[in-house]
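Count residues from 1 along the sequence.
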Amino acid sequence: QVRLVESGGGSVQAGGSLRLSCAASGYRDTLYCMAWYRQAPGQEREGVALLYIPTGVAYYADSVKGRFTISRGDAHNSISLQINNLAPEDTAVYYCAASLDCNGGVLRPFNAYTYRGQGTQVTVSS
């Protein structure tokens, strides 16, 4: 059974930084596409960043470009999300998702991914 587990969330003040991690277990081969999504209170879940694992090529939502960096983790089938200059509007549950294709770099709906994590809470206070 494949599991995605997110970690690294927490409460921070505006202007601070966080590094989220996602690790997949139970899948021997490479998960070619891993992504981060977030869902703020009362809002729909949105894709923020996507990574094509074999090449490290990343794609970002316009709303997070310049502050968010997605990268491969040290472990097999793992990724990180570095978030800098956090703002209260970044408060959300952050989810990891994985699939075998990256759909040409387009952030699909979260439920379109084969594997999905349970999320980690990020709370930013002003």
Side-chain angles (χ1 to χ4, degrees):
Q1 182 179 358
V2 179
R3 291 184 64 213
L4 298 182
V5 178
E6 302 94 338
S7 61
S11 298
V12 296
Q13 290 190 329
S17 299
L18 276 177
R19 187 175 185 85
L20 307 182
S21 297
C22 171
S25 61
Y27 194 86
R28 183 181 304 176
D29 296 326
T30 299
L31 289 164
Y32 287 107
C33 190
M34 298 185 75
W36 286 98
Y37 285 70
R38 68 181 180 182
Q39 187 167 20
Q43 298 186 24
E44 294 186 357
R45 188 149 30 199
E46 64 169 342
V48 296
L50 179 153
L51 185 69
Y52 182 55
I53 298 295
T55 62
V57 175
Y59 305 89
Y60 297 94
D62 289 341
S63 59
V64 304
K65 285 181 180 177
R67 295 193 302 120
F68 287 33
T69 303
I70 187 172
S71 61
R72 287 176 286 198
D74 293 332
H76 181 59
N77 286 339
S78 69
I79 57 171
S80 295
L81 184 70
Q82 178 70 35
I83 311 174
N84 296 325
N85 194 21
L86 279 155
E89 51 265 35
D90 294 318
T91 294
V93 179
Y94 284 73
Y95 298 88
C96 179
S99 190
L100 296 182
D101 72 89
C102 271
N103 194 41
V106 176
L107 284 160
R108 294 167 287 181
F110 181 70
N111 289 336
Y113 284 80
T114 306
Y115 309 109
R116 302 177 294 276
Q118 296 299 306
T120 185
Q121 176 71 47
V122 172
T123 302
V124 185
S125 58
S126 58

Which heavy atom of [X] sits nearest a heavy atom of [Y], and at what distance?
X   : Y   : answer
A61 : G47 : CB-O, 3.4 Å
S17 : Q82 : CB-NE2, 3.8 Å
S80 : S21 : OG-OG, 3.8 Å
R67 : N85 : NH1-O, 3.1 Å
M34 : C96 : CE-SG, 4.0 Å
T30 : H76 : OG1-CE1, 3.4 Å

Rounded distance (nearest 0.5 Å) linking atom [atom1] of [X] with atom [atom2] of [Y]:
X   : Y   : atom1 : atom2 : result
C33 : I79 : SG    : CD1   : 9.0 Å
E6  : C22 : CD    : SG    : 5.5 Å
L31 : S78 : CG    : OG    : 10.5 Å
L4  : N77 : CG    : CG    : 9.0 Å

Determine whether [X] and [Y] make a side-chain contact, defined as any pair of heavy atoms from C-beta on separated by less than 4.5 Å.
X    : Y    : answer
D101 : R108 : yes
R19  : S71  : yes
R72  : L51  : yes
V64  : R38  : yes
C102 : L50  : yes
I70  : Y60  : yes
L100 : Y27  : yes

Suppose we screen for side-chain hydrogen bond (donor to acceptor under 3.5 Å, both in side chains). Which residues come up paired with T123, at least two apart in sequence or across chains?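 T123 satisfies side-chain hydrogen bond (donor to acceptor under 3.5 Å, both in side chains) with Q121 only.
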Rest of the hydrophobic cluster containing Y52 (Ile/Leu/Val/Met/Phe/Trp/Tyr, side-chain heavy atoms under 4.5 Å)?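 Direct or chained contacts put Y52 with Y32.
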Measure from the side-chain N and O atoms of T91 to the backbone N and O of V124, and report whether any donor-acceptor pair falls under 3.5 Å.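 It does hold such a pair.
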Any chain of hydrophobic side-chain contacts (each under 4.5 Å) joining [X] to [Y]?
X    : Y    : answer
V122 : F68  : yes
L20  : L107 : no
Y94  : V12  : yes

Can you spot which of Y37, F110, Y113 makes a ring-ring contact (aromatic ring centres under 6.0 Å, His included) with Y95?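 Passing option: F110.
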